[in-house]
Trainee: 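The structure that follows is given in the form of structure tokens.
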Amino acid sequence: MHNLDPVTIALIVANVIISIKGFDDRLFFEKYKFNVGAIKRGEQIRMFSSAFLHADMTHLFFNMFTLYFFANTVIYELGQANFVIIYVASLIFGNLLSLYFHKDEYWYSAIGASGAVTGVLYSAILLYPGMSLYLFFIPIPIPGYIFGIGYLLYSIYGMKKRIGNIGHDAHFGGAVGGYAITLILLPSLFETDLGYVALLAIPIIILFVLYKTGKLQ
């Protein structure tokens with residue numbers, strides 16, 4: 001981890017320590033996980049704390065593995081402080097979208113840094129849309145912007161069909177957060193990469209249209 005920025009290391013360490021605490025202490029886990037009923041009762045801390053809890057070591061590993069690969073890209077272009085802003089904003093955006101879509105499901109619970117990490121990933125893709133990404137077991141490079149669009153389209157499908165025990169809405173909300181905050185912090189992208197900015201907005205527009213037309217559920 002010697003090539004990682006200290007801020008990234010701090011986030012990874014925080015996720016590991018808090019997640020392990022949650023593995024061993026069920027009361028701690030239940031107290032700080034995302035839960036719609038508890039949040040509506042005023043426990044807003046869960047909107048933040050839940051992003052540092054994970055279901056198991058595999059869940060934790062994949063989130064931190066993704067953060068490991070993309071954090072430095074964002075930090076290099078935008079700086080440490082702006083990276084933290086993107087991470088936290090994506091975390092909150094992800095949980096806000098989850099809360100919105102599950103507002104009547106008081107039993108709904110979720111955990112994980114996926115929203116924050118997806119925001120960092122989408123920010124990195126927006127900054128370097130031509131980067132090559134690889135999927136596990138598929139040794140073919142995929143342009144970053146294609147991967148980003150495809151990932152969010154799959155998230156929409158997952159939200160609509162409720163595929164698996166996965167917070168697709170948190171992933172999508174996190175990506176929206178990373179996209180929006182990156183553009184706010186670096187508006188010159190509208191001049192230098194307007195085509196990619198528009199392409200990466202397509203899934204966001206599709207989700208909005210589906211919601212407005214009542215076709216998301």
Trainee: Taking all non-hydrogen atoms of both residues, which atom of His168 and which atom of Met159 are closest, and how far apart?
Mentor: CB-CG, 3.6 Å

Trainee: Can you measure from OG (Ser19) to CD1 (Ile111) and round to the nearest 0.5 angstrom?
Mentor: 7.5 Å

Trainee: Could you check if a side-chain atom of Ile12 sits within less than 4.5 angstrom of a side-chain atom of Leu4, using non-hydrogen atoms only?
Mentor: yes

Trainee: Rounded to the nearest 0.5 Å, what's the gap from CG on Asn82 to CG on Leu185? Could you check?
Mentor: 4.5 Å

Trainee: Counting distance only, does the side-chain N/O of Tyr32 pair as donor-acceptor with the main-chain N or O of Ala51 below 3.5 Å?
Mentor: no

Trainee: How long is the span from the CZ atom in Phe61 to the OG1 atom in Thr66, to the nearest 0.5 Å?
Mentor: 9.0 Å

Trainee: Does the side chain of Ser109 come within less than 4.5 Å of Glu30's, by heavy atoms?
Mentor: no

Trainee: Check the pair Val197, Tyr179 against side-chain contact (heavy atoms from CB on, under 4.5 Å), reporting the backbone distance first and the verdict last.
Mentor: CA-CA 9 Å; Val197 170; Tyr179 176 85; 3.3 Å; yes

Trainee: With a 4.5 Å cut-off on side-chain heavy-atom distances among I, L, V, M, F, W and Y, is there a chain of contacts connecting Met64 to Ile9?
Mentor: yes

Trainee: Check whether more than 12 heavy atoms from other residues, nucleotides or ligands sit under 6.0 Å from atom CZ of Phe28, and answer yes or no.
Mentor: yes

Trainee: Please report the shortest heavy-atom distance between Leu152 and Pro203, naming the atom on each side.
Mentor: CB-CB, 3.5 Å

Trainee: Side-chain heavy atoms nearer than 4.5 Å, only ILVMFWY residues, links allowed to pass through others: does that put Tyr108 and Tyr106 together?
Mentor: no

Trainee: Answer whether the closest heavy-atom distance between the side chains of Val120 and Phe83 falls below 4.5 Å.
Mentor: yes

Trainee: Measuring from atom NZ of Lys40 to atom CG of Asp104, what distance do you get when rounded to the nearest 0.5 angstrom?
Mentor: 5.5 Å

Trainee: Counting C-beta onward and ignoring hydrogens, is there a side-chain heavy-atom pair between Leu67 and Leu11 closer than 4.5 Å?
Mentor: yes

Trainee: If you draw a 6.0 Å radius around NZ in Lys31, do more than 12 non-hydrogen atoms from other residues or ligands fall strictly inside?
Mentor: no

Trainee: Hydrophobic clustering (ILVMFWY, side-chain heavy atoms < 4.5 Å, transitive) - are Leu194 and Leu183 grouped together?
Mentor: yes

Trainee: Answer with yes or no after comparing the ring centroid distance for Phe172 and Phe101 against a 6.0 Å cut-off, counting only values under it.
Mentor: no

Trainee: Distance from Ile204 atom CD1 to Leu207 atom CG, nearest 0.5 Å?
Mentor: 9.0 Å

Trainee: Less than 4.5 Å apart, side chain to side chain, heavy atoms only: is that true for Met131 and Phe70?
Mentor: yes

Trainee: Please answer: with hydrophobic residues joined when any side-chain heavy atoms are less than 4.5 Å apart, are Phe208 and Leu153 in the same cluster?
Mentor: no

Trainee: Using the rule that two of Ile, Leu, Val, Met, Phe, Trp, Tyr join whenever any of their side-chain heavy atoms come within less than 4.5 Å, decide whether Leu199 and Val209 are in one cluster.
Mentor: no

Trainee: Checking Ser49 side chain against Ile45 main chain: does a donor-acceptor pair fall under 3.5 Å?
Mentor: yes

Trainee: Please find the pair of heavy atoms, one from Leu91 and one from Phe52, that lie closest to each other, and give the distance.
Mentor: CD1-CE1, 4.2 Å

Trainee: Check Ile86 against Ser123 and note the closest heavy-atom contact, atom names and distance.
Mentor: CD1-OG, 3.6 Å

Trainee: Specify the closest pair of heavy atoms between Ala124 and Val74, including all atoms of both residues, with the distance to one decimal.
Mentor: N-CG2, 3.9 Å

Trainee: For the residue pair Phe65 and Tyr68, does the interplanar ring angle fall in the parallel (under 30°), tilted (30 to 60°) or perpendicular (over 60°) class?
Mentor: parallel

Trainee: With a 4.5 Å heavy-atom cut-off, do Phe93 and Thr118 have their side chains touching?
Mentor: no

Trainee: Can you name the closest pair of heavy atoms from Lys103 and Val36 and give their distance?
Mentor: O-CG1, 3.8 Å

Trainee: Looking at Tyr145, Tyr128, Tyr122, which one forms a ring-ring contact (aromatic ring centres under 6.0 Å, His included) with Tyr196?
Mentor: Tyr145

Trainee: Please report whether the ring centroid of Phe23 lies less than 6.0 Å from that of His54.
Mentor: no

Trainee: Look up atom OH in Tyr151 and atom CD1 in Ile142, then write down how far apart they are to the nearest 0.5 Å.
Mentor: 13.5 Å

Trainee: So, Ser90 side chain and Gly178 main chain: donor-acceptor pair closer than 3.5 Å or not?
Mentor: yes

Trainee: Measure the shortest side-chain to side-chain distance between Leu127 and Leu189 over non-hydrogen atoms and say whether it is less than 4.5 angstrom.
Mentor: yes

